Amino acid sequence: MPAARRERVYFSQALFVAAVLALAVRSFAQGESPTHPPAVEKKVDAVYPVGAPHPDKEVTVMVRVMVAVDGSATKPEIVESGGPAFDAAALTAIEQWKFRPATRDGVPVTVHVRIPFLFAPPASAATDGGVQAAAADGGVTVVAVQDGGAPVLPEVTQTPAPQAAPPPAEPEPPTTTGARRSRADGGEETIEVTGTAPVHRRPVPSRGTSDFQIETAQLAEVPHANASDFLKLAPGVLLTNEGGEGHAEQVFLRGFDAREGQDIEFSVDGVPINESGNFHGNGYSDTHFIIPELIESLRVLEGPFDPRQGNYAVAGSAEYHLGLADRGLIAKISDGSFGTQRALIAYGPPGAGNDTFAAAQIYQTQGYGQNRDGHDASAIAQYEGKSGDSQYRLTAQAYTASFHTAGVLRDDDFASGRVGFYDAYDSRQGEDAARYSIAAALESRADHVIFNNQVFAIYRPLRLRENFTGFLLDVQDPQQNPHGQRGDLIDLQVAETTVGARGSARWSAPWLDSQQQIELGYFARHDVASGFQQRIEAATGAPYLTEADLVSNLDDIGLYGDANLRLLTWLAVRGGVRADLFTYNVQNLCAVSSVEHPSPQNPQPDVSCKTQENFGAHREANQSASTASTAAMPRVSLIFGPWSGVSFSASAGSGVRSIDPVYVTQDRATPFAAVLSGEAGVTVEEQLLPGLQLVFASTAFETHVDQDLIFDQTAGRNTLAGATNRIGSANALRVSGKFFDVAANATFVHATFADTHLLIPYVPDLVLRGDGSVFTELPWTLNGRPARATFASGITFVGRRPLPYGVRSDRIFTIDTNFEIGWPVLRAGVSITNLLNTQYRLGEYNFASDFHSQSEPTLVPVRHFAAGAPQAFLFTLTTNFGGTP
């Protein structure tokens with residue numbers, strides 16, 4: 001049996017075993033499942049009433065509502081009044097809520113629930129484009145209590161109101177959890193609702209128009225191959241990848257070619273993803289370890305405007321928040337084009353919140369075209385609990401991947417028919433990667449101060465093999481023994497260990513008739529990174545040249561202060577300053593690669609790391625260098641409004657990117673690149689009709705970087721460039737209703753070098769993106785629940801990008817779709833990526849190469865490209881055992 005077919009059979013057998021195990025767990029869960037309380041599927045925040053009699057006061061309204069067997073919220077009544085205007089706003093919101101019904105022995109039952117709405121005054125809300133009231137601390141937990149007994153099943157999931165702009169950030173109320181059940185209306189249960197925000201999830205005050213705190217909501221149904229794809233929900237993001245299935249995506253944001261993370265600070269629930277000291281690219285960020293089904297929300301802040309942002313926040317930052325909305329045991333299997341198969345098992349205990357879960361996935365593909373096969377597996381487990389007045393969260397993660405990559409093709413070879421569009425030159429290209437991490441977070445409270453602390457440890461090995469130039473760079477040196485071109489394949493080995501901590505103390509108190517906040521925080525990180533790069537001979541597979549061998553100890557310790565002040569009812573000032581100390585201790589184990597006047601007796605002609613200086617004077621092959629410097633980064637945002645849902649903002653700030661250890665020299669004064677950025681924008685947030693919400697944001701920005709990086713194909717990594725400037729505009733629109741959720745964004749940018757005013761290569765000047773989802777309930781029921789159908793689509797358009805030597809790339813236009821139908825317990829779906837089956841070039845470059853495809857090779861730069869994926873189908877079956885049906 002062929003190896004590929006044998007792997008496919010083994011994988012199918014593994015899926016069958018997983019399904020059998022899931023059925024066994026289901027049987028066990030059904031045998032011991034107690035009564036399940038209702039769960040919130042759709043939550044609509046109440047709008048702070050315009051012209052309220054006390055606009056500087058917090059108001060709470062308690063609403064009692066009946067949750068029917070179909071999950072609808074009916075017969076709402078006010079239990080505790082906050083005044084006519086506030087009562088009406090709360091009733092309007094609760095009528096739009098949708099629940100999963102409560103169940104007893106698997107049968108839907110009618111219950112009553114009590115839900116408090118906390119109306120934060122406009123002066124302290126952070127929406128700045130419309131003030132809303134959220135239920136109990138921004139999260140809802142429903143707890144069913146047995147008569148005379150302890151609470152059981154303290155969980156109900158929620159889907160927050162879809163937003164494309166920052167959500168409201170209310171003054172911190174007391175953290176409480178609990179429930180009270182009583183009998184009313186002929187024996188129906190009444191469940192009182194209280195809740196807490198998860199550790200480190202309390203809304204961060206908005207930094208203006210470009211602070212996108214995005215709830216994925218229904219847009220999670222749009223096809224997303226990995227965690228990076230969710231970044232497209234923010235304006236101006238383009239993803240490309242010449243490195244293959246499991247290689248970190250190249251990210252373009254607001255005129256920055258951030259490569260694989262050099263200009264964007266990536267994190268997941270506070271744990272950093274950027275790899276300091278990675279020889280392939282300092283700041284390399286591989287997000288493939290994040291399981292897409294666990295992404296609950298993300299915050300994309302475009303620009304260095306928040307003092308919490310640290311190293312690499314040049315173009316901005318992106319933080320993923322994980323959670324599992326579905327409770328019970330979820331099993332998902334997928335099978336599709338090009339031998340692509342995926343299995344996912346996730347578990348969310350019915351008695352715990354969204355932040356307690358365990359999930360694991362395994363994936364394999366034969367890949368489209370040549371040399372694109374791959375395998376990966378990932379597991380993430382998280383537990384959140386309480387101890388007295390403190391909350392804590394524990395997280396563990398493991399990921400491993402192995403795959404091949406096609407690399408790039410010469411455009412003239414494709415045009416002449418010498419290679420196919422999806423072919424590859426060098427079958428040895430590929431990557432082996434892994435990541436393992438643990439983290440612990442603790443939140444506690446004392447009087448008016450909330451304390452947060454987190455520790456983390458990460459281990460990340462990587463082996464990368466790439467060949468951009470074929471047989472071009474191995475020129476004959478006069479001192480070397482005679483040889484021909486042996487090949488330019490790079491074999492890079494990286495290993496990095498990271499330990500660190502971060503924390504903050506946020507003080508909140510009334511002043512000037514408004515809640516004011518001051519936060520002080522710290523960040524500490526230590527990295528031990530090794531990087532070893534060689535060139536591999538094509539004929540033998542043996543290394544013939546060592547280009548780098550580095551061992552680096554890197555430290556980054558930062559402090560920040562941040563203020564959130566509402567000075568007037570229409571003016572908020574947010575910002576502060578951050579200061580970081582960067583220290584480097586770099587051991588270069590291959591410090592001497594050439595000698596101008598070698599020893600005549602022993603010239604070491606073919607030794608990569610030489611042990612002599614001029615005229616044969618002995619020296620060791622290594623060289624140490626250390627340096628340190630401090631960066632101070634002031635940041636401020638002014639928020640004006642809101643006036644009838646319209647607010648304006650102006651932000652300015654500076655950020656840094658630490659330099660690659662290979663460029664460190666002894667006592668270099670500033671081992672980092674600095675960025676200055678400013679913007680002005682407007683946000684409009686309006687509830688057009690009950691259940692119909694609109695959010696629009698538009699901003700104009702300008703950025704200057706004193707020392708940029710540009711990718712060099714001959715070196716296979718980022719290299720230093722000069723100063724650069726960017727000016728442009730980013731715009732976003734999101735409209736959500738009872739049966740649809742649509743988002744669109746457009747970004748235009750003009751990015752140039754500061755000295756020559758030439759366009760920066762590879763940076764797109766126009767990026768358009770649209771995501772939409774339409775959903776409805778169908779008349780077919782299962783276990784008392786109607787079927788639900790969802791159709792979602794994502795559309796991308798990218799303008800012609802500038803390439804080196806004055807040429808432009810082709811445009812990119814793709815459409816991805818997904819259709820799903822079923823019930824909470826059983827769903828089936830099919831996704832189609834590249835719906836039009838467009839043959840497009842995902843990445844385009846312009847440089848010299850020689851892949852032995854030309855009769856007379858030259859050093860003239862020619863067009864190269866990395867092929868985008870063709871049309872692909874993926875069929876998915878999802879089932880949920882033991883959770884709320």
Side-chain angles (χ1 to χ4, degrees), residues 40-47 70-73 92-100 129-130 132 157-165 167 212-224 229-230 232-235 292-293 295-298 325-326 645 683-697 731-746 768-780 785-797 814-824 827-833 835 876 878:
V40 180
E41 286 187 332
K42 179 183 178 183
K43 168 180 166 285
V44 176
D45 291 331
V47 177
D70 64 353
S72 61
T92 299
I94 196 62
E95 289 174 349
Q96 302 173 59
W97 284 38
K98 183 68 175 178
F99 295 82
R100 297 178 186 174
Q132 298 176 323
T157 59
Q158 72 169 15
T159 300
Q163 301 179 63
F212 298 94
Q213 301 186 40
I214 304 168
E215 302 287 346
T216 56
Q218 299 298 331
L219 296 185
E221 301 293 340
V222 177
H224 295 106
D229 273 354
F230 284 85
K232 297 176 184 177
L233 295 175
E293 286 81 357
I295 299 175
E296 196 170 51
S297 65
L298 68 156
D326 291 330
T683 301
V684 179
E685 185 170 354
E686 186 69 31
Q687 185 167 335
L688 303 176
L689 295 170
L692 181 61
Q693 186 176 15
L694 176 146
V695 178
F696 172 74
N731 309 272
L733 173 69
R734 189 163 183 177
V735 181
S736 56
K738 296 180 179 180
F739 63 90
F740 69 93
D741 192 358
V742 178
N745 60 71
L768 306 177
R769 173 72 184 184
D771 296 272
S773 177
V774 180
F775 40 91
T776 185
E777 292 185 348
L778 301 174
W780 312 310
R785 297 303 309 281
R788 179 184 176 91
T790 302
F791 176 78
S793 184
I795 302 174
T796 298
F797 175 84
T814 61
I815 302 176
D816 302 326
T817 62
N818 180 60
F819 177 75
E820 185 178 73
I821 187 171
W823 302 265
R827 303 189 300 273
V830 57
S831 66
I832 308 174
T833 52
L835 179 67
T876 300
T878 306

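Keep in mind it's a predicted model, so treat the numbers as computed, not measured.
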Separation of Phe696 CZ from Asn731 CG (nearest 0.5 Å): 5.5 Å
Atom pair CZ (Phe230) and CD1 (Ile214), whose distance is rounded to the nearest 0.5 Å: 11.0 Å
CG-OG1 distance between Asp229 and Thr833, expressed to the nearest 0.5 angstrom: 10.0 Å
Pairwise distance CZ(Arg734) to CD(Glu685) - rounded to 0.5 angstrom: 11.5 Å
Check: Ser831 side chain, Thr817 main-chain N or O, donor-acceptor pair, under 3.5 Å: no
Closest non-hydrogen atom pair, Ala787 against Trp823: N-NE1, 3.3 Å
Contact check, side chains of Leu692 and Lys738, non-hydrogen atoms, under 4.5 Å: no
Heavy-atom pair of closest approach, residues Phe212 and Ala732: CE2-CB, 3.8 Å
Atom pair NE2/NZ of His224 and Lys232 - distance to nearest 0.5 Å: 7.5 Å
side-chain hydrogen bond (donor to acceptor under 3.5 Å, both in side chains) against Thr776, all qualifying residues, sequence neighbours excluded: none
4.5 Å side-chain heavy-atom contact, Trp780 and Ile821: yes
Minimum side-chain heavy-atom gap Leu694-Leu733 below 4.5 Å: yes
Interatomic distance, Ile832 atom CD1 to Ile815 atom CD1 [nearest 0.5 angstrom]: 11.0 Å
Nearest heavy atoms of Ala746 and Leu768, plus distance in Å: CB-CD2, 3.3 Å
